[in-house]
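In what follows, a single structure is set out as structure tokens and then discussed.
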Amino acid sequence: MKFHLIIAHDSHLKAVKPIEVYLRSKNRTVIRHNIINNTELDKSPSLPSIMDGDIIISAIGGGKMNELVKMLGGRKVLLVGLFPGIISQSKIEDLIGKWYFDILLVNCRRDLILYNTFCEIHNLNSNAILYGCSWFDDGNYSSKILTDVPNKYFLFIEQLGIPDNKAEANALLADLDALSGRMDTKCVVKLRQSSLFGSPEQGKSSLLHCQITNNLKNITFSTEPMSTLIEKSKFVVSFSSSALIESILLGKPTFVITDFGSKRYFVDYFVDSGIQTFIKDISATNTVNNNWRENFCIDPNRHLPEVIDRIEQSSPAHRNANFSVWKFLQLILRYRLILGNFGFLQNLLKTYFRISKRGASKGV
């Protein structure tokens with residue numbers, strides 16, 4: 001029996017890393033399959049090594065996962081899925097879209113409750129196991145040297161689409177500069193990849209683009225690994241990011257700012273966390289609500305041994321046998337209507353066209 005870890009980009013790699021480290025420490029055979037974005041699965045030289053009785057742990061989903069299942073044909077493998085990021089209640093389809101895995105590793109108790117409710121409504125056996133924030137990496141970062149940041153700083157994590165125009169971006173930079181002066185510490189902005197490599201339309205409102213014009217002395221930008229930047233920071237600020245969960249688990253003062261267009265992002269995840277605030281109200285410390293933390297902010301290492309035991313004792317259930325795009329849409333529609341939530345049609349249509357474009361209607 002071999003474990004196959006399926007990833008497509010860096011966030012996937014980070015999500016499967018704790019599992020890989022643990023499995024190797026237990027002398028399990030582990031093969032990592034790096035499926036590069038926009039690369040056909042059948043061109044991956046390592047995938048033919050997947051055999052009957054093996055276990056697949058996948059951070060990918062949608063069309064890519066459908067392609068993989070089709071390639072496996074009749075091979076009897078256990079499919080385990082995880083989702084490397086925050087799931088908003090308004091986009092619960094991201095979680096439910098993985099129901100066809102034999103086992104689904106969920107990030108928090110809230111997600112587990114939402115998913116189990118979905119299964120109960122449709123008389124499905126739940127395949128979910130509480131795992132924890134899969135992207136959290138508690139490795140030793142102290143030996144890493146940061147080459148492009150000051151010795152003392154707070155970290156601001158840039159988010160895609162917030163702010164969404166140049167005026168807001170300039171205002172945000174000014175607020176971060178003022179916070180830096182008030183707290184007597186530099187500000188390091190963790191760049192998103194889109195800020196560096198996106199189209200001119202995507203990048204024109206980015207903080208990096210605006211900083212070139214403003215040249216604020218208290219603000220620098222970094223492409224260093226997220227975990228390293230968080231570990232060495234004084235405190236962490238963002239609108240709504242999965243990295244904020246990592247910051248909390250690493251014991252850093254963490255702030256979810258509600259300025260600008262934050263309501264467009266995963267605000268519901270941090271409701272009742274006790275860490276939402278305006279930039280002007282940020283102080284040196286804060287306290288995370290313990291009840292919220294127990295439900296939304298779980299270290300995966302707490303559950304990893306029992307999760308692996310459960311996986312190794314499970315058999316393929318072939319839950320994917322009757323899956324189709326239309327079945328997925330029917331399940332989501334019924335789920336939303338029963339709960340009385342009607343603000344979902346736009347996300348539903350986007351999900352349908354995304355999955356259809358990837359070829360899901362032809363396969364699994």
Check against side chain to side chain contact (heavy atoms under 4.5 Å, CB included), Ile31 and Phe3: CA-CA 6 Å; Ile31 301 173; Phe3 284 85; over 6 Å; no
Would you sort out whether Ile308 and Gln313 count as a side chain to side chain contact (heavy atoms under 4.5 Å, CB included), showing the intermediate values? CA-CA 9 Å; Ile308 297 301; Gln313 294 169 16; over 6 Å; no
Mind running side chain to side chain contact (heavy atoms under 4.5 Å, CB included) on Leu229 and Ser222 for me, showing each step along the way? CA-CA 9 Å; Leu229 288 170; Ser222 178; 3.7 Å; yes
Using the side chain to side chain contact (heavy atoms under 4.5 Å, CB included) rule, take Lys186 and Thr220 through it: C-alpha gap first, then chi angles, then the decisive distance, then the call. CA-CA 8 Å; Lys186 299 291 186 180; Thr220 60; 5.7 Å; no
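Here Arg28 pairs with Glu312 in a salt bridge; the nearest charged N to carboxylate O distance falls below 4.0 Å. In summary, Arg310 and Glu306 do not engage in a salt bridge, as defined by a charged side-chain N under 4.0 Å from a carboxylate O. Using a 4.0 Å cut-off between charged side-chain N and carboxylate O, Arg110 and Glu294 make no salt bridge. A salt bridge links Lys2 with Asp54: the closest approach of a Lys/Arg side-chain nitrogen to an acidic carboxylate oxygen falls below 4.0 angstrom.
Once rounded to the nearest 0.5 Å, the distance linking CG of Leu173 with CZ of Phe156 reads 9.0 Å. With values rounded to the nearest 0.5 angstrom, Leu104 atom CG is found 9.0 Å from Leu112 atom CG. In this structure, CG in Leu5 is found 12.0 Å from CD1 in Ile60, a value given to the nearest 0.5 Å. The SG atom of Cys119 sits 8.0 Å away from the CG atom of Asn125 when rounded to the nearest 0.5 Å. Considering CD1 of Ile103 and CG of Asn127, their distance stands at 8.0 Å, rounded to 0.5 Å. Here CD1 of Ile230 is found 9.5 Å from NZ of Lys190. Values are rounded to the nearest 0.5 Å.
Proximity of a side-chain donor or acceptor of Lys152 to a complementary backbone N or O of Asp184 within less than 3.5 Å is detected. Counting only distance, with no hydrogens or angles, the side chain of Tyr269 and the backbone of Phe296 share a donor-acceptor pair below 3.5 Å. Between the side chain of Asn107 and the backbone N or O of Tyr131 there is no donor-acceptor pair closer than 3.5 Å. Counting only distance, with no hydrogens or angles, the side chain of Ser247 and the backbone of Ala243 share no donor-acceptor pair below 3.5 Å. The backbone N or O of Ile6 lies less than 3.5 Å from no partner atom in the side chain of His33, so there is not a single donor-acceptor pair. A donor-acceptor contact shorter than 3.5 Å links the side chain of Thr185 to the backbone of Tyr153.
The aromatic rings of Phe235 and Phe154 sit parallel to each other, their planes meeting at less than 30°, with 60° as the upper class boundary.
When all heavy atoms of Trp135 and Lys14 are compared, the closest pair comes out as O-CE, 3.1 Å. Heavy atoms only, all atoms of each residue included: Phe255 and Leu244 are closest at O-CD2, 4.2 Å. Of all heavy-atom pairs between Asp52 and Arg75, the closest is OD1-CA, 3.1 Å. The minimum heavy-atom distance between Val106 and Asp111, with the atom names listed, is CB-CB, 4.3 Å. Listed here is the closest heavy atom pair of Arg32 and Ile7: CD-CD1, 3.7 Å. The shortest non-hydrogen separation linking Arg182 to Ile282 is NH2-O, 2.8 Å.
A continuous path of ILVMFWY side-chain contacts below 4.5 Å connects Val80 to Met1, so both sit in one hydrophobic cluster.
Counted by atom type alone, Tyr22 and Asn301 present zero donor-acceptor pairs between their side chains at under 3.5 Å. Asn289 and Ser273 share no donor-acceptor pair across their side chains, judged by distance under 3.5 Å alone.
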